[in-house]
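Single-structure report; data block below.
Numbers restart at 1 for each chain; the letters A, B, ... are given by sequence-line order, proteins then strands. Only this structure's heavy atoms are used, side chains among them; waters, hydrogens and symmetry mates stay out.
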Amino acid sequence: MSGDHGHRDSQVNSGSKGSDSHKHKDKHKDKEHRHKDHKKDKERERVKHSNSEHKEHSEKKHKDKEKLKHSDGSSDKHREKHKEKDKDKEKRREEKIKSYHSDKPKKEKENGYVRDSSPAVIKSEPEEDNGFYPSPQHNKTSKRDHDDEEFEYKPKKVKTEHDKKAKKRKHDYEDDEDDEDIKPKKKTKDKKVTEGKKAKKEEEEKWKWWEEERYTDGSKWRFLEHKGPVFAPPYEPLPDKVKFYYDGKAMKLSAPAEEVATFFAKMLEHEYTTKDIFRKNFFKDWRKEMTSEEKSKITDLNKCNFSEMSEYFKAQSEARKQMSKEEKLKIKEENEKTLQEYGFCIMDNHKERIGNFRIEPPGLFRGRGDHPKMGMLKRRIRPEDIIINCSKDSKHPKPPPGSKWKEVRHDNKVTWLVSWTENIQGSIKYIMLNPSSRIKGEKDWQKYETARRLKKCVDRIRSQYRDDWKSKEMRIRQRAVALYFIDKLALRAGNEKEEGETADTVGCCSLRVEHIKLYPKIDEQEYVVEFDFLGKDSIRYYNKIPVEKRVFKNLQLFLENKQPEDDLFDRLNTSILNKHLQELMDGLTAKVFRTYNASITLQQQLKELTCPDDSIPAKILSYNRANRAVAILCNHQRAPPKTFEKSMQTLQTKIDEKQNQLSTARKQLKSAKADHKASHDDKSKKAVEVKRKAVQRIEEQLMKLQVQATDREENKQIALGTSKLNYLDPRISVAWCKKWDVSIEKIYNKTQREKFAWAIDMAEEDYEF
DNA sequence: CATAAGACTTAGGAGGATCATT
DNA sequence: AATGATCCTCCTAAGTCTTATG
């Protein structure tokens, strides 16, 4: 793919050579992408630069005179000429409160154990076990061999039953591969027993899969039984009174055509429906559903009037909101029932929650950003499209009466229960387990362990890629510069995408010339690179950042003789990069850097920002700020809430009111004091106390409001959720909570606590990422 | 090797549920 | 109780990376 980029049409972008391709026309024109104002870039910078892990070693002088050969043998005209004393331009953010931590790295356990699969009774995690599933009697297998990076650690047997003794035991595998040597013998839980006994009891019933051994033969389970998916409800034709009009005349549509029409009608309010591509795609697919009469009659979407249908749906949703309590309750119970029936499966003796047990209903495809396929019909999935995956010896799910599954297979090398092929991109969709499940949790845990292993060798890797900036080979220089971006800026890898099939977005390896600008000198800074491109989900990445001279020179070199739409790294792709990374560290891929940098940033920001004397709300603000630093690093954005300005205003009004209250209260306190001085009697003394309390209370309230305001303002267009859920080692947060006596509920909601149960259970306050 | 298919993680938004305020 | 703000859950698209295939 990178080979053919030579001469793309670029009229839109820079007006140079017109030619054959239209690929990149109009990009960045779509107002719908959030082009965030650049305010936050400042903040991004701040965060980055305060990240000591990222500190760039200021260079001595390198005379790099050596010639660089393109690997195709072309020329050595690229030489770098300048001596340099490449200064660390980065201003560090002044140190805040310094660590109150002893900072000595404690050794943590890696999750490198081997599961012992002795059979156990089914534990039902969710409160009620309705006895729906027969208990599987097999699973007699013993040891599973190990398949991943944690080989080095000696396995230890852990029993599966969950009596109290069992749970006190900590899996203590030390990794022996490095310099740390002390085993902090974790004393069995010395944690306080503050929790109510009810909570405690429940907790004890939870299955602690993390105390068990893992499969090591590549199999994901031994036994799997489930009820299959829940299908979308069948189409219910509109009442006759709801009319569709074509060219001003009412027209009764056949059921299939009507159904597709309702999809459009339901989106009428959305600006999607005003877009050309959307309308074109929709109309094309809609016509396919029409009878031949309809097809011949309906030839112009602009003559279609869906407004009655649209009104009807609005009225319906209004009616739904107005439903009585009982009706709502009934629906809720209904949902609960399907959840209980279809929402769980049995995997290896445990009842586990399924993530998405409902099949995606038909509708119009809504791609993100400038998606060429937006508006296409996403067709209804039937049992005949469905592949079921389960144990041979399980009770197989039954297809709905009168239908058959496409296939039933028994593949325990994969984790999914159900799959089907979607018609828009032709990709496969799956039904898998909930994040709280063992199978997801283990993987998640392992992800963080890999990132922690990177921590141990990141210095080596960094110095290596710095060396590689000087390589004679172009491909190596490109690889090294790309890796630098991935490490420093937490960019995504950037796989190639099929042109014209998806929105035009890029990641690191797929950056094009047009996505960066070089400024040898700008605003007091040297060697500045400006990034401006659309990343995943068409979220804009904008950043202007000084880089090391050598990187800058390399970039200039990479840009030579290229058109804006050419690949910046024309000799690199993600598989080359990942292959290289694999050689540097077992299990290392580009995305590990994101995880690593995110987690290490959180840990470090928490250290920096948390003041021991702060109140709990202030500590939580600090936590949110640390979280925010990560979100900025990873460019996790959100649309500013619709009502943001207004709600900010009301909050400000409240603050003003509070301030007035406060000054009144202070005056009263003063005069009470004066009274007391004059009279010295008991009564006035009491009055003083009362007023004092009042002032104090109001001060606290005011503080809280102000904290809230700051937090909200800073969070305007930053999404914290994604990093919290996917990038931050939860043990860092758990440890922080323990250390500062902040209850975990303040940081994680219920779902999050379920997902991170392993971390909550095992991390102590001295946990070090 | 290159490419496609497959599996699984990461992502922001919609809309309902819940909470706070009046 | 009504209303509005906020939180949470679900949804499913869009990535990454691995594995299979030619």
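In the set B:dC8, C:dA14, C:dA13, C:dA13 carries the atom at the smallest distance from any side-chain atom of A:Glu360. The side chain of A:Arg492 sits closest to C:dT16 out of C:dT9, C:dT16, C:dA14.
The shortest distance between side-chain heavy atoms of A:Val630 and A:Asn597 does not fall below 4.5 Å.
Taking only distance into account, the side chain of A:Lys591 never meets the base of B:dT9 through a donor-acceptor pair shorter than 3.5 Å.
Residues A:Ser723 and A:Thr415 each lie close to DNA chain B; by heavy-atom proximity, the contact nearer the 5' end of the strand is made by A:Thr415. Checking A:Arg594 against A:Ile428, the closest nucleotide of DNA chain B that is more toward the 5' end is the one next to A:Ile428.
OP1 or OP2 of C:dG15 has not a single side-chain nitrogen or oxygen of A:Asn495 nearer than 4.0 Å. OP1 or OP2 of B:dA7 has not a single side-chain nitrogen or oxygen of A:Lys413 nearer than 4.0 Å.
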- request: Tell me, with the steps shown, if A:Arg380 and A:Asp385 meet salt bridge (Lys or Arg N to Asp or Glu O under 4.0 Å).
  value: CA-CA 10 Å; A:Arg380 179 179 293 274; A:Asp385 302 313; over 6 Å; no
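Side-chain polar atoms of A:Lys497 and A:Thr505 form a donor-acceptor pair below 3.5 angstrom.
Of all non-hydrogen atoms in A:Ala490 and A:Arg594, the two that sit nearest each other are O-NH1, 2.6 Å.
If you check every strand for non-hydrogen atoms under 4.0 Å, A:Lys378 touches sugar and phosphate atoms only. A:Thr505 comes within contact range of the sugar-phosphate backbone alone, with a heavy-atom separation under 4.0 Å but no base atom that close.
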